[in-house]
Amino acid sequence: MAYSSEGSAADLAGAAGSDAADQRRALRRHRGVATALLVVMGSTYAGATWFGSTYGVDGFWIDLLRAGTEAALVGGLADWFAVTALFRRPLGLPIPHTAVIPRNKDRIGQGLGRFIERNFLEPKLVAARLREAGVSRRLGLWLSEKENADLVADRLVVVLAFVFRSLNDQKMARLMQVMLRRRLGETELAPVLAALVDVLRRNGMHQQLFDTMLDAVARYLAAHKHQIHQVVEERSDWWIPKRVDRRVAEAITAGLEDYLQSLRDRDHAARDSFDAAIARLVDDLRRSPAHRARVNALRDRLLETPQLSDYTATLWQSLRGGLEEELAAPHSRLRQALSGALRSLGSAVADDPEVQARMDRRIEEAAVALVEPWRKDIGQFVADVVRGWETATVVERVELAVGRDLQYIRVNGTLVGAVVGCLLFLATEYLF
């Protein structure tokens with residue numbers, strides 16, 4: 001799957017710009033509604049006042065309308081002033097304690113940083129949230145899906161390919177040599193050889209080895225018959241005829257071939273002796289200090305040979321070449337094996353509550369260990385980011401985020417003012 005960081009950044013920027021445009025349109029719409037309501041109340045108040053003074057019309061309903069609209073106008077203007085004073089100076093006038101956010105941008109950033117530090121990054125809170133989220137179970141269910149396992153396997157392959165490209169061949173070959181020498185130098189090979197030979201003997205592999213040796217000897221004998229004739233002639237007395245020497249040589253060769261052929265019989269006494277010898281070798285390798293010392297000495301001589309360096313270098317090159325070939329193939333067995341292992345791991349985690357509990361504890365411990373030392377730094381980072389913003393940017397972002405709700409405050413202030421004005425008028429009318 002191709003991945004472009006530039007394309008993703010452009011997509012994110014486009015999405016952010018689209019959201020901001022939607023927020024601006026919503027803010028303008030709600031601001032227009034609040035302002036229109038305030039204009040309606042002011043116009044109604046002015047109309048009721050003008051109508052009463054011009055035509056001399058006075059009475060309960062006109063007075064009630066005028067009282068309600070007058071209070072609505074006062075409440076709406078007061079709330080307009082309060083909302084506007086948060087972001088800028090109303091009408092541009094230098095009124096004290098206005099433009100609250102622009103004047104206190106840095107202090108707001110510090111407060112926001114402390115708030116996040118104390119209320120979001122509290123270690124116990126982080127651990128509790130992670131515990132409630134069931135991260136391990138969700139991760140297991142996610143990994144058990146083939147598409148997700150393939151995605152993670154592809155990412156791991158990319159990381160492994162980068163790691164292999166970054167490795168130094170000489171250093172890796174030297175490291176393999178050191179590790180091989182250290183590991184073999186600490187390992188008692190005699191018991192290992194005993195177990196290996198015993199397995200071969202129990203499965204009859206030593207008899208197959210015996211047959212292979214017989215085949216090799218028979219081929220060698222057939223290919224070197226003339227040498228047997230030559231040896232017989234060289235060791236024969238001078239007065240013995242050559243024809244006799246040839247017949248003796250042929251008889252020796254035929255006798256050897258017959259004996260080799262008889263050894264192919266699995267019930268032959270020689271095979272029983274061979275089997276017993278192998279059994280004694282296994283026992284000696286397991287129990288005999290002398291055999292163990294000879295094996296260790298052979299091991300030490302092998303580790304000191306210069307050919308070991310060449311072998312480790314060749315082994316590393318072969319290993320690296322094979323792995324790089326597997327990593328480069330789009331549908332390699334390595335990718336499939338990684339994906340299958342991840343799916344199996346995900347299914348095992350998703351189905352085992354005990355494993356989930358252990359993983360969740362480890363995740364909580366890791367999260368707390370990461371959060372605790374960085375709490376203050378993260379809070380300070382938030383404060384520094386806010387401090388680095390331009391004042392106009394801060395005002396715009398806050399206003400876009402909460403400005404629509406603030407316009408509802410203006411609407412509510414206007415309506416509540418109208419209701420309160422009417423109630424006060426009625427109370428005054430009927431009580432006094």
Side-chain angles (χ1 to χ4, degrees), residues 1-5 7-8 11-12 123-169 171-173 175-180 182-184 186-187 191-192 195-196 198-200 202-203 205 312 314-372:
M1 180 184 297
Y3 179 79
S4 172
S5 59
S8 298
D11 293 342
L12 291 174
K124 292 182 179 179
L125 177 62
V126 172
R129 292 297 185 185
L130 288 173
R131 195 177 307 116
E132 293 174 2
V135 177
S136 61
R137 183 175 182 276
R138 292 187 179 184
L139 179 61
L141 292 173
W142 187 81
L143 275 179
S144 63
E145 298 291 334
K146 185 178 185 302
E147 296 79 5
N148 300 328
D150 290 342
L151 177 64
V152 177
D154 290 340
R155 295 296 179 266
L156 288 176
V157 165
V158 172
V159 173
L160 289 174
F162 173 77
V163 170
F164 270 97
R165 287 194 300 268
S166 305
L167 296 177
N168 183 284
D169 289 339
K171 291 183 178 179
M172 288 303 302
L175 177 62
M176 289 185 64
Q177 179 181 347
V178 171
M179 293 177 62
L180 182 62
R182 180 181 302 170
R183 179 59 61 185
L184 288 179
E186 297 173 351
T187 303
V192 178
L196 177 61
D198 189 44
V199 170
L200 294 176
R202 292 180 183 277
N203 290 281
M205 299 295 293
T312 53
T314 304
L315 178 63
W316 165 248
Q317 290 293 342
S318 176
L319 177 63
R320 175 171 182 167
L323 286 175
E324 287 183 342
E325 183 178 351
E326 283 287 317
L327 293 173
H331 302 289
S332 64
R333 289 175 296 178
L334 179 59
R335 290 175 186 261
Q336 296 174 4
L338 281 174
S339 178
L342 289 170
R343 289 200 305 272
S344 299
L345 176 62
S347 299
V349 171
D351 297 335
D352 194 334
E354 294 184 1
V355 173
Q356 295 171 22
R358 290 196 297 270
M359 287 187 62
D360 286 338
R361 284 196 298 271
R362 298 295 180 271
I363 293 172
E364 291 170 19
E365 292 172 359
V368 171
L370 288 173
V371 167
E372 181 62 31

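No experiment lies behind these values; they were computed from the predicted model shown.
- Shown here for Ala153 and Leu338, the closest heavy-atom pair between the two residues is CB-CB, 4.0 Å.
- Residues passing the side chain to side chain contact (heavy atoms under 4.5 Å, CB included) test with Ala161, sequence neighbours excluded: Arg165, Leu327.
- Contacts of Arg202 classified as side chain to side chain donor-acceptor pair (under 3.5 Å), with partners at least two apart in sequence or in another chain: Asp198.
- Partners of Arg362 under the side chain to side chain contact (heavy atoms under 4.5 Å, CB included) rule, at least two apart in sequence or in another chain, are Glu365.
- Taking Arg361 as the reference, nothing meets the salt bridge (charged side-chain N to carboxylate O under 4.0 Å, His left out) condition, with sequence neighbours excluded.
- By the salt bridge (charged side-chain N to carboxylate O under 4.0 Å, His left out) test, Glu132 pairs with Arg129, sequence neighbours left out.
- Considering only heavy atoms from C-beta on, Val349 stays 4.5 Å or farther from Arg137 through its side chain.
- Between the side chain of Arg138 and the backbone N or O of Ala133 there is at least one donor-acceptor pair closer than 3.5 Å.
- The pair Arg131-Asp360 does not meet the salt-bridge criterion, since no charged nitrogen lies less than 4.0 angstrom from a carboxylate oxygen.
- Under the side-chain hydrogen bond (donor to acceptor under 3.5 Å, both in side chains) criterion, the residue pairs touching residues 336-353 are Asp150-Ser339, Ser339-Arg343, with sequence neighbours excluded.
- Contact annotation: the side chain of Leu151 never approaches that of Glu147 to less than 4.5 Å [non-hydrogen atoms, C-beta and beyond].
- Applying the side chain to side chain contact (heavy atoms under 4.5 Å, CB included) test to Met205 and every residue at least two apart in sequence or in another chain returns Leu200, Asn203, Gln208.
- For Gln356, there are no side chain to side chain donor-acceptor pair (under 3.5 Å) partners two or more places apart in sequence or in a different chain.
- With sequence neighbours left out, the side chain to side chain contact (heavy atoms under 4.5 Å, CB included) criterion links Val152 to Trp142, Leu143, Leu156, Leu342.
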